[in-house]
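As structure tokens, the structure follows; a few thoughts come after it.
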Amino acid sequence: MAGQDLSAHVALVTGASRGIGAAVALMLAELGAAVSVNYRARADDADAVVARIKAKGGRAIAVAADVSQSAAVAGMVERIARELGPIDILVNNAGIAIVRGVDELSESDFDRTLLVNLKSAFLCTQAVLPGMRVRKWGRIVNITSGAARGAGAIGQHYNASKAGMEGLTRGYAARLVKEGITVNNVAPSLIETDMMKGRTDLARNIPLGRMGQPEEVAQAVAMVLGNEYMTGQTIILNGGMAFI
Ligand code: NAP
């Protein structure tokens with residue numbers, strides 16, 4: 001994103017130790033933002049993302065927190081404010097994909113998916129919003145999925161969690177539009193990450209002929225950040241699989 005300057009901003013990217021989140025964190029740092037690299041368990045991976053940012057002269061910290069837990073989210077946001085400054089860019093990216101057939105989906109699979117994919121976005125948004133409202137500037141990007149609107153490859157619980165995120169986005173966008181805060185979705189499908197390991201056969205469904213790359217999702221996130229007029233929308237990346 002040539003010309004975009006985020007050096008006055010502090011970003012939190014949830015689930016940034018790997019995959020799409022890591023690519024987003026690296027992209028935001030490249031554009032000058034100070035970046036908090038959240039993760040749940042893989043400290044070494046998160047530290048490696050931070051090291052890559054620092055090697056290029058950027059500012060970053062790794063922050064462990066299970067974003068489905070409100071106390072952990074509150075602690076994380078406080079620590080980031082202390083060490084980097086108040087968060088004004090939030091990318092709700094952390095997610096899980098428990099592949100299940102219709103009959104084998106358990107209640108605990110359903111609950112866990114809704115907690116990690118949907119409730120986490122609510123908790124993180126609520127935690128950063130008061131500061132954004134005071135400063136009258138904020139950017140929130142939710143990483144949803146083609147599964148919010150299409151069949152998807154994971155299961156109905158995952159579809160529900162991502163469709164729920166789209167609703168959350170529109171609800172917040174409508175209520176915050178006069179306060180300098182935009183809320184949008186970036187909805188990828190079939191991106192080559194650990195989440196899609198062993199599922200490269202699905203590439204045959206993609207008209208472009210290959211899976212997407214995490215960096216391509218990061219580009220879409222960066223695009224959204226520079227635009228105050230766009231809010232409550234969904235940017236879709238799917239290699240031509242559907243036009244919606
Ligand atoms: P991934 O490679 O599996 O990485 C998941 C990331 O989320 C990791 O950093 C992981 O942390 C973190 N995470 C998981 N549960 C967490 C929790 N409770 N609290 C904090 N962090 C947590 O996944 P990905 O493919 O990059 O997916 C990123 C997002 O894009 C997800 O929301 C996913 O649903 C969405 N998406 C992906 C695709 C795709 O094709 N890959 C398509 C559409 C949408 P640890 O490393 O510490 O475990």
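Side chains included, hydrogens not; waters and symmetry mates left out as well; all remaining heavy atoms used. We count residues from 1, following the sequence as given.
Arg40 and Ser17 form no side-chain donor-acceptor contact under 3.5 Å, judged by distance and modelled atom types alone. Side-chain polar atoms of Ser108 and Asp111 form no donor-acceptor pair below 3.5 angstrom.
In Arg135, the CZ atom is crowded: over 12 heavy atoms of neighbouring residues, nucleotides or ligands sit closer than 6.0 Å. Within 6.0 Å of CZ in Arg52 there are 12 or fewer heavy atoms belonging to other residues, nucleotides or ligands. Residue Glu104 places its CD atom among more than 12 non-hydrogen atoms of other residues, nucleotides or ligands, all under 6.0 Å distant. The number of heavy-atom neighbours closer than 6.0 Å to CD of Glu228, taken from other residues, nucleotides and ligands shown, is 12 or below.
Met211 places a side-chain heavy atom less than 4.5 Å from the side chain of Ile206. Between Val217 and Pro214, the closest side-chain pair of non-hydrogen atoms is not below 4.5 Å. Taking 4.5 Å as the limit, some side-chain heavy atom of Leu84 sits within range of a side-chain heavy atom of Ile61. Asn185 places none of its side-chain heavy atoms less than 4.5 Å from the side chain of Ile143. The shortest distance between side-chain heavy atoms of Ser36 and Arg79 does not fall below 4.5 Å. Contact check for Val13 versus Val35: side-chain heavy atoms found under the 4.5 Å cut-off. Side-chain contact between His9 and Leu225 is absent, with no heavy atoms from C-beta onward closer than 4.5 Å. Between Thr231 and Leu176 the shortest side-chain heavy-atom distance does not fall below 4.5 Å.
Scanning both residues, Met76 and Val67, for their nearest heavy atoms gives CE-CG1, 3.8 Å. Of all heavy-atom pairs spanning Ala16 and Val49, the tightest one is O-CG2, 3.6 Å. Nearest heavy atom pair, residue Ala46 against residue Ala62, reads CB-CB, 4.0 Å. Minimum interatomic distance between Thr144 and Met165 (heavy atoms only, all atoms of both residues): CG2-CB, 3.6 Å. The shortest heavy-atom contact between Gly232 and Thr169 is CA-CG2, 4.3 Å. Between Arg139 and Trp137 the shortest heavy-atom distance is CG-CH2, 3.4 Å.
We find the OG1-CD distance between Thr113 and Gln156 to be 10.0 Å, quoted to the nearest 0.5 Å. Separation of atoms CG (Asn227) and CE (Met223) is listed at 8.5 Å; rounding is to 0.5 Å. Leu28 contributes atom CG, which lies 8.5 Å from atom CD1 of Ile53 (distance to the nearest 0.5 angstrom). With values rounded to the nearest 0.5 angstrom, Glu30 atom CD is found 4.0 Å from Lys56 atom NZ. Ser68 contributes atom OG, which lies 13.0 Å from atom CZ of Phe122 (distance to the nearest 0.5 angstrom). Of the inter-residue distances, the one linking Thr200 atom OG1 with Leu190 atom CG reads 10.5 Å to the nearest 0.5 angstrom.
Under the 4.5 Å side-chain heavy-atom criterion for grouping Ile, Leu, Val, Met, Phe, Trp and Tyr, Val141 is not connected to Val128 through any hydrophobic cluster. A chain of hydrophobic side-chain contacts below 4.5 Å, direct or via other Ile, Leu, Val, Met, Phe, Trp or Tyr residues, connects Val63 to Leu123. Neither Met195 nor Leu118 shares a network with the other; the hydrophobic side chains, linked directly or stepwise wherever heavy atoms of I, L, V, M, F, W or Y lie under 4.5 Å apart, form separate groups for each. Placement of Leu6 and Ile140 in two distinct hydrophobic clusters is found when ILVMFWY residues are connected by side-chain heavy-atom separations under 4.5 Å, directly or transitively. Hydrophobic clustering keeps Val221 apart from Met132 (ILVMFWY residues linked when any side-chain heavy atoms are closer than 4.5 Å, directly or through intermediates).
Taking a cutoff of 4.0 Å between a charged side-chain nitrogen and a carboxylate oxygen, Asp66 and Arg112 qualify as a salt bridge. Salt bridge annotation for Glu166-Lys162: absent, with no cationic side-chain nitrogen under 4.0 angstrom from a carboxylate oxygen. For the pair Glu179 and Lys136, the salt-bridge criterion is not met [side-chain N within less than 4.0 Å of a carboxylate O].
With hydrogens and angles disregarded, a donor-acceptor distance shorter than 3.5 Å links the side chain of Asn159 to the backbone of Ala151. Between the side chain of Arg204 and the backbone N or O of Asp201 there is at least one donor-acceptor pair closer than 3.5 Å. In this structure, Asp88 contributes its side chain and Val10 its backbone to a donor-acceptor pair below 3.5 Å. Ser106 places a side-chain N or O within donor-acceptor distance of the main-chain N or O of Asp109, the cut-off being under 3.5 Å.
For residues 150-177, the set of pairs meeting the ring pair (Phe, Tyr, Trp, His ring centres under 6.0 Å) definition, not counting sequence neighbours, is empty.
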Subject >> Arg210 and Glu216: CA distance, side-chain angles, deciding distance, salt bridge (charged side-chain N to carboxylate O under 4.0 Å, His left out) verdict >> reply: CA-CA 13 Å; Arg210 65 164 176 85; Glu216 293 174 310; 2.7 Å; yes
Original post:
Given the rule in the side chain to side chain contact (heavy atoms under 4.5 Å, CB included) test, do Arg149 and Thr234 qualify, once you have shown the distances and angles that lead to the verdict?
Top reply: CA-CA 11 Å; Arg149 302 178 188 189; Thr234 299; 3.3 Å; yes
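Of the listed residues (Gln213, Arg199, Lys197), just one forms a side-chain hydrogen bond (donor to acceptor under 3.5 Å, both in side chains) with Glu192, and that residue is Gln213.
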Only pairs under 3.5 Å count here: list side-chain donor-acceptor contacts from residues 90-99, not counting sequence neighbours, and write none if there are none.
residue, atom, partner, partner atom, Å
Asn92, ND2, Thr125, OG1, 3.4
Asn92, ND2, Asn142, OD1, 2.8
Asn93, ND2, Thr14, O, 3.0
Asn93, ND2, Gly15, O, 2.9

When the side chains of residues 237-244 are checked against the rest of the protein, which donor-acceptor pairs come out under 3.5 Å, sequence neighbours left out?
residue, atom, partner, partner atom, Å
Asn238, OD1, Gly240, N, 3.0
Asn238, OD1, Met241, N, 3.2
Asn238, ND2, Ala242, O, 3.0

